Amino acid sequence: MGADIVVSYRNGRAGIVQLNRTITTPAVMYLRKSGVMKAARLLSLLLVLQTRQRVTTAELAERLEVSVRTILRDVEALSTAGVPVYAERGRHGGIVLLPGARLNASHLEPAEMDSLSLAGLDGVQRKQLGITAAHDMAIRKIAARRAAGATADTSLAELVIVDNSGWLAADAGELNIAELALTLRSRPRLRIEYRSSGAKHATSRVVDPYGLASKSGRWYLVADDDHVAKLFNLDRLEHYAALSEPVTTRPDHDLRSVWDELKQRTEAPGRVDITVRLRESRVDLARRILGSRLTGTAPGDDGWRLMTVSYPDVESVRQLLQFGNHIEVIAPESARQRVGELATDLADRHKMTPA
């Protein structure tokens, strides 16, 4: 006969994981009486052991974020309750799950399925969204299932790492993204206090949210502001409050369609083409910084390259100042003149003061 381990979650739903006949009914009763946190930890312990069969107490303690003494107490209690697990002493010892004691780990809870559907998030973003525990449990279940039919192939998870943050990225803001996501699930309108880029103070507005978006390590609220789709950087969202009325977004639009609309608007080709000379040694840097704004390139004089940069307006040539003396704006004349004005102002600010 099989047995079930019932694991409670904070939302009140219960998850069921089946065990084979070597796990007896007393083990089930023990887990049912163990409380939410302990039951989840014991299930995690069993999933790790199914994957490895023998794991040191120190490694288990580190992975489950408890003390070695707690691990030993859990193992002793599980063993007393009929689970075929025990502590093996000696240099090569550890916690051992007897061969044949297998969990049916195919059942994923809704929170776990949610976490896996957001496969593009990295560890930092999962923590910000409050789904780390559900994701880790889902991964343990998958690993245990894979171990049941183990092959010699290395899993892609061991060969690929995803880190969506930019290089030298600053710490995230203080806004609790997990709480905001939970608020959005009930689909209310929001009153937000938001500071636009470059503004000194935040202003209040009522928006109709579609959801959240994460891009290049930054989180955004995607919402209609007076029926116009906008992105609100969460680093500048100072406060929000859910209103009593439900969201009223535009018909036939959802988060994905609005996100595509905003991306096309942001990344659309500019209306002004700027021709520049750039040193060959800075071409790779220009591709990283300018991205899709770099619309053309051709050989130039010795050590230089001709390039075309597309901007929405002439004033945007400010961005090119970061290339210092490695760049020269050729055309149009209005862009060349503006860069000259900006460079002159910068040089004047850095004149040496006579001793």
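Only heavy atoms go into these numbers, but all of them, side chains included; no hydrogens, no water, no symmetry mates. Since this is a predicted model, take the numbers as computed values, not measurements.
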Quick one: pull up [atom1] in [X] and [atom2] in [Y] and give me the separation to the nearest 0.5 Å.
X      : Y      : atom1 : atom2 : answer
Leu180 : Leu237 : CG    : CG    : 7.0 Å
His239 : Leu190 : NE2   : CG    : 10.0 Å
Leu262 : Leu231 : CG    : CG    : 4.5 Å
Leu212 : Phe232 : CG    : CZ    : 12.5 Å
Asp122 : Lys127 : CG    : NZ    : 12.0 Å
Glu315 : Arg318 : CD    : CZ    : 4.5 Å

For Arg185, enumerate each residue passing the side chain to side chain donor-acceptor pair (under 3.5 Å) test, keeping only those at least two apart in sequence or located in another chain.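 Partners of Arg185 under the side chain to side chain donor-acceptor pair (under 3.5 Å) test: Asp114.
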Please enumerate all residues that pass side chain to side chain donor-acceptor pair (under 3.5 Å) together with Arg236, with sequence neighbours excluded.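 So Arg236 forms a side chain to side chain donor-acceptor pair (under 3.5 Å) with Tyr194.
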What do the steps show when you test Trp219 against Gln128 for side-chain hydrogen bond (donor to acceptor under 3.5 Å, both in side chains), and what is the final call? CA-CA 10 Å; Trp219 285 96; Gln128 291 171 334; 2.5 Å; yes
Just by distance, do the side chain of [X] and the backbone of [Y] share a donor-acceptor pair under 3.5 Å?
X      : Y      : answer
His253 : Thr249 : no
Asp225 : Val228 : no
Asp313 : Ser316 : yes
His326 : Gly324 : no
Asn164 : Ser216 : no

Any Lys/Arg nitrogen of [X] or [Y] sitting under 4.0 Å from an Asp/Glu carboxylate oxygen of the other?
X      : Y      : result
Lys230 : Asp224 : no
Glu59  : Arg54  : no
Asp345 : Arg349 : yes
Arg287 : Asp284 : yes

According to ring pair (Phe, Tyr, Trp, His ring centres under 6.0 Å), who are the partners of Tyr210, at least two apart in sequence or on a separate chain?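 Tyr210: no ring pair (Phe, Tyr, Trp, His ring centres under 6.0 Å) contacts found.
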With Glu341 via side chain to side chain contact (heavy atoms under 4.5 Å, CB included) - residues at least two apart: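 Checked Glu341 against side chain to side chain contact (heavy atoms under 4.5 Å, CB included); matches are Gln337, Arg338.
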Where at least one partner belongs to residues 289-303, residue pairs that pass side-chain hydrogen bond (donor to acceptor under 3.5 Å, both in side chains), sequence neighbours excluded: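 side-chain hydrogen bond (donor to acceptor under 3.5 Å, both in side chains) check on residues 289-303 returns Thr297-Arg305.
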Step-by-step side-chain hydrogen bond (donor to acceptor under 3.5 Å, both in side chains) determination, Ser257 to Asp254: CA-CA 5 Å; Ser257 66; Asp254 59 14; 3.1 Å; yes
Is Val66 reachable from Ile95 through a run of hydrophobic residues whose side-chain heavy atoms are each under 4.5 Å from the next?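 Ile95 clusters together with Val66.
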Are Leu234 and Leu129 co-members of a hydrophobic cluster defined by side-chain heavy atoms under 4.5 Å apart?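 Yes; tracing contacts between hydrophobic side chains, which count when under 4.5 Å, links both residues.
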Leu285: which other cluster members, linking ILVMFWY side chains closer than 4.5 Å, directly or transitively?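 Leu285 shares its hydrophobic cluster with Val272, Ile274, Val276, Leu278, Val283, Ile289, Leu290, Leu294, Met307, Val309, Tyr311, Val314, Val317, Leu320, Leu321, Phe323, Ile327, Val329, Val339, Leu342.
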Is there a side-chain hydrogen bond (donor to acceptor under 3.5 Å, both in side chains) between Arg336 and Ser334? Walk through the geometry before answering. CA-CA 6 Å; Arg336 183 179 174 87; Ser334 58; over 6 Å; no
Report yes if the side chains of Leu243 and Pro188 come closer than 4.5 Å at any heavy-atom pair, otherwise no.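 No, too far: nothing below the 4.5 Å cut-off.
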Start with the C-alpha distance between Leu255 and Val222, add both sets of side-chain angles, then the distance that settles side chain to side chain contact (heavy atoms under 4.5 Å, CB included), and finish with yes or no. CA-CA 7 Å; Leu255 176 60; Val222 181; 3.8 Å; yes
Take Tyr86 and Leu97, measure what side chain to side chain contact (heavy atoms under 4.5 Å, CB included) needs, and give me the verdict at the end. CA-CA 7 Å; Tyr86 63 95; Leu97 180 67; over 6 Å; no
